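Just so it is clear, the structure is predicted and the values come from calculations on it, not from any experiment. Keep in mind that the numbers below use all heavy atoms, side chains included, and drop hydrogens, waters and symmetry copies.
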Amino acid sequence: MKYTETAVRGVWVIEPVVFADTRGYFMEAYKQDDFEQHIGTVCFMQDNESCSSGGVLRGLHYQLAPYSQAKLVRVIQGAVLDVAVDIRRGSPTFGQHVAVELSSENKRQLYISEGFAHGFRVLGEKAVFTYKVNRPYMPAYERGIRYDDPALGIDWRIAAGEEMIVSAKDAEYPLFADAVMNFEYETK
């Protein structure tokens, strides 16, 4: 696999080697020793999967420490624009984001370390999204930031007149400036 750290430290694009022929394809989606060699030790404890129809935007979600989550995300059907926003106080990229297209065709994955808000928008008719996390979902620690906060400047690739489907909860999250964040940047 090819591991590329983005301009925002803690977010990595991972591109597997795909062996394709007339029968289909084969790839290693996760290899612990390879992952640890490039990124470090992350003890993933749970796999999650969601299916979303076209126009759906989920996010921006995170959990407060000590239940913050690292995620390894990928798309197994369709395509999404995946976004991670740095919410680590003291980080030189605090408030900046990474946006990467993940699809069943490009087979890219995105590793997002703890201290990021995360969301995605479906590009096309439907997407099946899967991800590993290192901590369980804890509703009392769940938080979010408005996906459309102008201060973040995220281009979700929404065409004029295109209808977005956003949950009531996601639409009511606070703006970045008002969000509760308890993450500190570590300079390891």
Side-chain angles (χ1 to χ4, degrees), residues 1 3-14 29-32 34-52 56-76 80-91 93-102 108-122 127-147 149 152 154 156 166-167 169-176 178-188:
M1 292 191 202
Y3 290 78
T4 306
E5 191 166 26
T6 67
V8 176
R9 186 172 159 242
V11 179
W12 292 74
V13 175
I14 303 168
Y30 175 75
K31 189 173 181 183
Q32 184 175 341
D34 200 36
F35 185 91
E36 288 178 356
Q37 179 183 4
H38 289 88
I39 295 175
T41 302
V42 178
C43 298
F44 293 114
M45 57 152 315
Q46 182 174 320
D47 283 358
N48 300 318
E49 182 175 304
S50 70
C51 180
S52 302
V56 167
L57 190 148
R58 296 181 185 264
L60 296 160
H61 307 140
Y62 61 97
Q63 289 188 169
L64 295 172
Y67 294 102
S68 57
Q69 294 177 319
K71 298 177 180 177
L72 179 59
V73 303
R74 68 188 183 112
V75 171
I76 57 176
V80 305
L81 180 66
D82 200 75
V83 174
V85 178
D86 188 348
I87 59 174
R88 303 168 296 176
R89 296 202 185 275
S91 168
T93 54
F94 180 71
Q96 293 180 26
H97 69 277
V98 173
V100 177
E101 185 172 325
L102 307 177
R108 286 185 191 134
Q109 299 179 58
L110 197 64
Y111 170 72
I112 305 159
S113 65
E114 295 177 28
F116 285 82
H118 174 255
F120 67 87
R121 176 176 116 56
V122 175
V128 177
F129 186 87
T130 183
Y131 56 106
K132 297 179 173 303
V133 294
N134 68 331
R135 291 201 176 81
Y137 171 65
M138 300 294 287
Y141 290 82
E142 178 184 19
R143 298 295 186 276
I145 298 168
R146 283 279 299 274
Y147 70 94
D149 184 343
L152 297 177
I154 300 170
W156 290 101
V166 179
S167 73
K169 181 169 69 172
D170 287 357
E172 294 172 4
Y173 278 134
L175 297 174
F176 182 78
D178 300 322
V180 174
M181 299 174 241
N182 67 350
F183 307 99
E184 295 298 323
Y185 181 71
E186 296 178 21
T187 57
K188 294 182 198 179

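Counting only heavy atoms from C-beta outward, the side chains of Tyr141 and Pro66 approach each other to under 4.5 Å. Side-chain contact between Ile154 and Val85 is present, with at least one heavy-atom pair separated by less than 4.5 Å. Between Asp34 and Tyr3, some side-chain heavy-atom pair lies under the 4.5 Å cut-off. A heavy-atom distance below 4.5 Å is found between the side chains of Ile76 and Glu49. For the pair Phe35/Tyr30, a side-chain contact is recorded, criterion being any heavy-atom separation below 4.5 Å from C-beta on. Val100 places none of its side-chain heavy atoms less than 4.5 Å from the side chain of Val11. Within the 4.5 Å cutoff, the side chain of His61 has no heavy atoms near those of the His118 side chain. Looking only at side-chain heavy atoms (C-beta outward), Phe120 and Val75 stay at 4.5 Å or farther from each other.
Of the possible donor and acceptor atoms, one in the side chain of Trp156 sits under 3.5 Å from a partner among the backbone N and O of Tyr147. Under the 3.5 Å distance criterion, the side-chain polar atoms of Thr130 are matched with a main-chain donor or acceptor of Asn48. Using modelled atom types, no side-chain atom of Gln96 and backbone atom of Val8 make a donor-acceptor pair closer than 3.5 Å. Checking side-chain atoms of Asp82 against main-chain N and O of Leu102 turns up no donor-acceptor pair under 3.5 Å. Listed for the Glu114 side chain is no donor-acceptor partner under 3.5 Å among the backbone atoms of Gln63. A donor-acceptor pair under 3.5 Å links the side-chain atoms of Asn182 to the main chain of Ala65, judged by distance alone.
Residue-environment remark: OH (Tyr185) exceeds the threshold of 12 foreign heavy atoms within 6.0 Å.
For the atom pair OG of Ser113 and CD of Glu186, the computed distance is 9.5 Å after rounding to the nearest 0.5 Å. Taking CZ of Arg9 as the reference point, atom CZ of Arg88 lies at 6.5 Å (rounded to 0.5 Å). Taking CD1 of Ile39 as the start and CD1 of Ile14 as the end, the distance is 4.0 Å to the nearest 0.5 Å. Lys132 contributes atom NZ, which lies 3.5 Å from atom CG of Asp47 (distance to the nearest 0.5 angstrom). Rounding to the nearest 0.5 Å places CD1 of Ile145 at 12.5 Å from NE2 of His97. With values rounded to the nearest 0.5 angstrom, Gln69 atom CD is found 7.0 Å from Asn134 atom CG.
Among all heavy-atom pairs drawn from Ile112 and Ala84, the shortest one is CG2-CB, 4.0 Å. For the residue pair Met1 and Lys31, the shortest heavy atom distance occurs at CE-N, 4.2 Å. Closest non-hydrogen pair, Gly95 versus Phe176, comes out as CA-CZ, 3.5 Å. Taking both residues in full, the closest heavy atoms of Val166 and Ala171 are given as CG1-N, 3.9 Å, listed atom of the first, atom of the second, then distance. Of all the heavy atoms in Arg146 and Asp170, the pair that sits closest is CD-O, 4.0 Å. Heavy-atom minimum distance, Arg108 versus Arg74: O-CB, 3.9 Å.
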(request) For side chain to side chain contact (heavy atoms under 4.5 Å, CB included), just list the numbers for Phe94 and Phe183, CA-CA rounded to whole Å, side-chain angles, deciding distance to a tenth of an Å, and then say yes or no. (result) CA-CA 11 Å; Phe94 180 71; Phe183 307 99; over 6 Å; no
(message) Before you tell me yes or no, could you show the steps for Asp86 and Phe116 under side chain to side chain contact (heavy atoms under 4.5 Å, CB included), namely the whole-Å CA-CA distance, both residues' side-chain angles and the distance that decides it to 0.1 Å?
(response) CA-CA 5 Å; Asp86 188 348; Phe116 285 82; 3.7 Å; yes
(request) Quick one: do Ser167 and Arg58 satisfy side chain to side chain contact (heavy atoms under 4.5 Å, CB included)? Show the steps, please. (result) CA-CA 8 Å; Ser167 73; Arg58 296 181 185 264; over 6 Å; no
(request) I would like to know whether Val83 and Leu60 meet side chain to side chain contact (heavy atoms under 4.5 Å, CB included); could you show each step before the answer? (result) CA-CA 8 Å; Val83 174; Leu60 296 160; 4.2 Å; yes
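The aromatic rings of Phe44 and Tyr111 sit perpendicular, their planes meeting at an angle over 60°, well past the 30° parallel limit.
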